[in-house]
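For reference, the structure is listed below as structure tokens.
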Amino acid sequence: MPDLPERDAPEPTEPSGAPRETDTERRRRRDRFLRELAEARELRDRVQPRRAKSARLRHAMRMRTFRW
């Protein structure tokens with residue numbers, strides 16, 4: 001008999017064998033990552049104020065010299 005897809009087939013999988021994630025799951029994971037990244041940056045800025053100040057000054061200089 002030919003290979004026909006079964007009605008109760010499992011979810012589509014990636015080539016690696018992992019089930020595909022939905023768009024909602026991907027966005028939720030991305031949001032969590034970005035929140036944790038922002039939190040880590042805030043912590044680093046509190047722990048290393050001199051480095052944070054120089055980063056702020058560099059950013060301000062970049063913004064001043066940027067041409068619209």
Side-chain angles (χ1 to χ4, degrees):
M1 181 151 212
D3 293 330
L4 297 175
E6 298 179 19
R7 287 187 182 173
D8 297 328
E11 293 182 18
T13 58
E14 295 293 323
S16 63
R20 295 175 72 183
E21 64 180 346
T22 64
D23 197 40
T24 308
E25 290 170 340
R26 187 185 65 78
R27 286 186 180 156
R28 192 171 292 135
R29 218 169 27 92
R30 181 177 183 271
D31 288 342
R32 188 176 66 220
F33 170 77
L34 292 175
R35 274 195 309 271
E36 290 174 357
L37 182 63
E39 183 180 331
R41 285 180 175 154
E42 290 172 7
L43 177 62
R44 186 184 64 198
D45 291 348
R46 279 197 310 257
V47 173
Q48 300 174 338
R50 185 179 299 163
R51 184 174 289 181
K53 180 181 179 184
S54 60
R56 267 196 318 274
L57 292 173
R58 277 194 307 274
H59 180 70
M61 183 62 73
R62 264 196 319 270
M63 296 308 286
R64 265 184 261 140
T65 57
F66 182 75
R67 300 239 177 188
W68 294 101

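Given the structure is predicted, the values throughout are model-derived calculations rather than measurements. Values reported hereafter were calculated over all heavy atoms of this structure, with side chains retained and with hydrogens, waters and symmetry mates removed. Throughout, residue positions are numbered sequentially from 1 according to the sequence presented.
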(request) Measure the spacing between CZ of R58 and NZ of K53 and express it to the nearest 0.5 Å. (result)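 Spacing of CZ (R58) from NZ (K53) equals 12.5 Å.
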
(request) Could you tell me the separation between the CZ atom of R56 and the NE2 atom of H59, rounded to the nearest 0.5 Å? (result)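 Answer for the CZ-NE2 pair, R56 versus H59, is 11.0 Å.
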
Output side-chain donor-acceptor pairs under 3.5 Å for residues 30-52, partner residues at least two apart or in another chain, one line each.
from : atom 1 : to  : atom 2 : distance (Å)
Q48  : OE1    : R51 : NH1    : 3.4

